[in-house]
Amino acid sequence: MSYGDFNDNEYIERMIAELRDGGTNVLVGCLDELIEWGRSNSLWPLTFATSCCGIEFMAVGAARYDFARFGFEVARASPRQADFIMVAGTITHKMAPVLKRLYDQMADPKYVIAVGGCAVSGGPFKRSYHVVDGVDKVLPVDVYIPGCPPRPEAMLYGLMQLQRKVKVQRFFGGVNCQIGEEEYEELLRRDLTAEKNDLNVEGEEKHE
Amino acid sequence: MWKEKRSMNSNLIDKITAWEPRAVWTEGGDGMFTVPADGFHDLAGRLLSEGFDFLRSLTGMDWGEAGFGVVYHLEATATGENVVLRTLTEEREHPVLPSVCDLWKAAELNEREVFDYFGVRFLNHPDMRRLFLRDDWVGYPLRKDYDPAQNPLRMSNEVSKDSSPTYELQSDGSYIRKRNVLFEEDEYVINIGPQHPATHGVLRFRVSLEGEIIKKLDPHCGYIHRGIEKMCEELTYPQTLALTDRLDYLGATQNRHALCMCIEKGLGVEVSERVQYIRTIMDELQRIDSHLLFFACLCMDMGALTAFFYGFRDREKVLDILEQTTGGRLIQTYNTIGGVQADIHPDFVRKTKEFIAYMRPKLREYHEVFTGNVIAQERLKGTGVLTREDAISFGATGGTGRAAGWACDVRKRHPYAVYGKVDFEEVLFTEGDCFARYMVRMKEIEQSMNIIEQLIDNIPEGEYQLKMKPVIRIPEGSYYAAVEGSRGEFGVFLESRGDKSPYRMKFRSTGLPLVACLETIARGTKIADLIAIGGTLDYVVPDIDR
Ligand code: SF4
């Protein structure tokens, strides 16, 4: 798609202005551009789908819509090898910690796309007792794709928006920042200890 | 269609009252027997020995003052007779009911579901864990007095326990809680899912292995439990329709058809002939769509990626036809109470015929590419056998049941729409293995095309939508209606108190029995076969979890 075809250009320009605020080193800036060009054209999705939207996501990967044209074809089953996660489908209370864990396992820089009404806001199940109303309560979301389910074309549009976002980022000193050892250990600990409460601990009871 | 099922055969009513004099027959909708809890297990055993071997549906209920209870829909597979029973307990603090999972294996997961929803404990059930919700969930969500504020989003990781509580009846009438060990300390247990490409969604298994051989399998559901049944209780009838499409999205039209049929049955309306034809054709197109996706995904799971693209390529052709008339690709939201959303598109008939002409040679191609392949044959033939008895006991309908030789097609058992008038063959195999399950679905694509061909040129003129009242209220009573979904019997049980929203609405999942029988099928096979078994069972996880 050409630049003029997108209808949210002010937003991306504002983002570029913010990112470029501090000025750029010429050498690093050129290198950045090269790396971001490469990165944005080979984003690997995690094969993650919980429900209906996932089937449309599969359709985007299959013959007619074919997201391989844009460099997305290498869908990975392991979060450790994926660049972004398409949250396609409803996220429930039981799934939310699992999703968070998947996200934590992904290597930086990583992105999240919320696909469909459910991932955006809870969708038709907003009032249910077991549905998270919006995946942004759990993960930082980069692109929202509304619809129930979104058409494959809409998904492709959303994926291209992600590419635009990646393209203007700066790899050096920007998205490639690393976390300290302490923070790492803290994250690891949080992952290993599950919440213990009295419902988790069983005892023998006798009822009349 | 609904009239003939109206009341149970009076012969049977007499018999049941003779066996259990305290059983009371109540009219109201389909009508049902109320049996006291202490005599229920004996009567159930009696019914089983009289041939009622298929537990169609098991529904937990909160009747408020009257207490908690369970509604059982039973069918005798040999004679086709149906009976509806209920039992209940007044106790609201610690409700307890007898388990029937020693009689019908289908009860095992269904009773866990009732425990999860209502907190009813089943005596002598080997495994009284929650089925869908987390173990640290507070309260029981389908109780009428449940307060959602008790359960904020918990982001802690869940602990999987290696044992399950059971409740055993003592001779003095009290019961004690015991532990049933699921996995021993020294067993080698591996975890599969919920994020795994071969579980077709977010299903999770814990598998105990000895070398490569599966010794035990423990399924965990609920990662996509959306609480649809509870939501329906707050929605008006037309609003509830939207949620059914999202249950089993590869049977969206059929699910909605079942709910519309159930509501129409309650209201006592009969839709026009034209609507019946359109609904039947749409259901069959949906079935073709689903089976093509089944083929594509099974091939992908087994490493034949090319076939995946073939399946999806042809599936898009069905979606185009559906989209032109309904406006939706995957989720059509097409059926309405008393009709369909819009009349068929002028090109519908032509395009459907073109599609069938296109699809027939493609099926041959599929068989050449995949069915005859040595690897596919080796991996599918003889693995994952389910016997006919087990299929019935678990209630595993659809392609899985028919592959085991059980003639369980709702289209033949209880003909609805225009299925009574068309001529088609119910595809049956006897092997019960993965290959039979695969072949049933491939052959059903042909049958679906035959059905469509018989109807497509004869769609009668008429209204596509009956005039309905703006506010729909269903007369008091309980109703059950079922259709043959893409993967088995999809039923809707509805209890109305005469309001504009249902008192209780339960969907008989097509997938839950398939998960229930998974452990039986998979025990003793190799871990790699689990992928082929899961693929050929063809479950859709949001339909299991609802
Ligand atoms: S947004 Fe709609 S289609 Fe997507 S997962 Fe939710 S209910 Fe399904």
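Because only heavy atoms are used, hydrogens play no part in the values below, and waters and symmetry mates are left out as well, while side chains stay in. Worth saying up front: this structure is predicted, and the values here are computed from it rather than measured. The chains referred to below are lettered A, B, ... by the order of the sequence lines, with proteins before strands, and numbering in each begins at 1.
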Check whether [X] gets within reach of chain A through its side chain, its backbone, both or neither, counting any heavy atom under 4.5 Å.
X: B:Y146; result: side chain
X: B:L203; result: neither
X: B:C221; result: backbone
X: B:E229; result: neither
X: B:L142; result: side chain
X: B:R246; result: both

Quick check on the interface: out of B:F132, B:F308, B:F309, B:Y310, who has the most heavy-atom pairs with chain A under 4.5 Å?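 The answer is B:F309.
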Among B:G222, B:P148, B:A296, residue most engaged with chain A (heavy-atom pairs, under 4.5 Å): B:G222
Check whether any side-chain heavy atom of [X] sits under 4.5 Å from a side-chain heavy atom of [Y], and report yes or no.
X: A:Y129; Y: B:L133; answer: yes
X: A:M95; Y: B:V202; answer: yes
X: A:R151; Y: B:E323; answer: yes
X: A:V98; Y: B:Y223; answer: yes

Segment of A:A96 engaging chain B (4.5 angstrom heavy-atom cut-off):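 Both parts, heavy atoms under 4.5 Å.
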Side chain, backbone, both or neither of A:L99 within contact of chain B (heavy atoms, under 4.5 Å):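 Neither part, no heavy atoms under 4.5 Å.
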What heavy-atom pair brings B:M231 and A:P124 nearest, and what distance separates the two atoms? CE-O, 3.2 Å
Exactly one of A:V131, A:T90, A:I91 should register a side chain to side chain contact (heavy atoms under 4.5 Å, CB included) with B:I224. Which one does? A:T90
Please work out which of the three classes, parallel, tilted or perpendicular, describes the rings of B:H225 and A:H130, given edges at 30° and 60°. tilted
Could you state the interatomic distance from OH (A:Y65) to CZ (B:F312), rounded to the nearest 0.5 Å?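 The CZ atom of B:F312 is 11.5 Å from OH of A:Y65, to the nearest 0.5 Å.
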Going by an N to O cut-off under 4.0 Å, is there a salt bridge joining A:K94 and B:D135?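 No, no charged N to carboxylate O under 4.0 Å.
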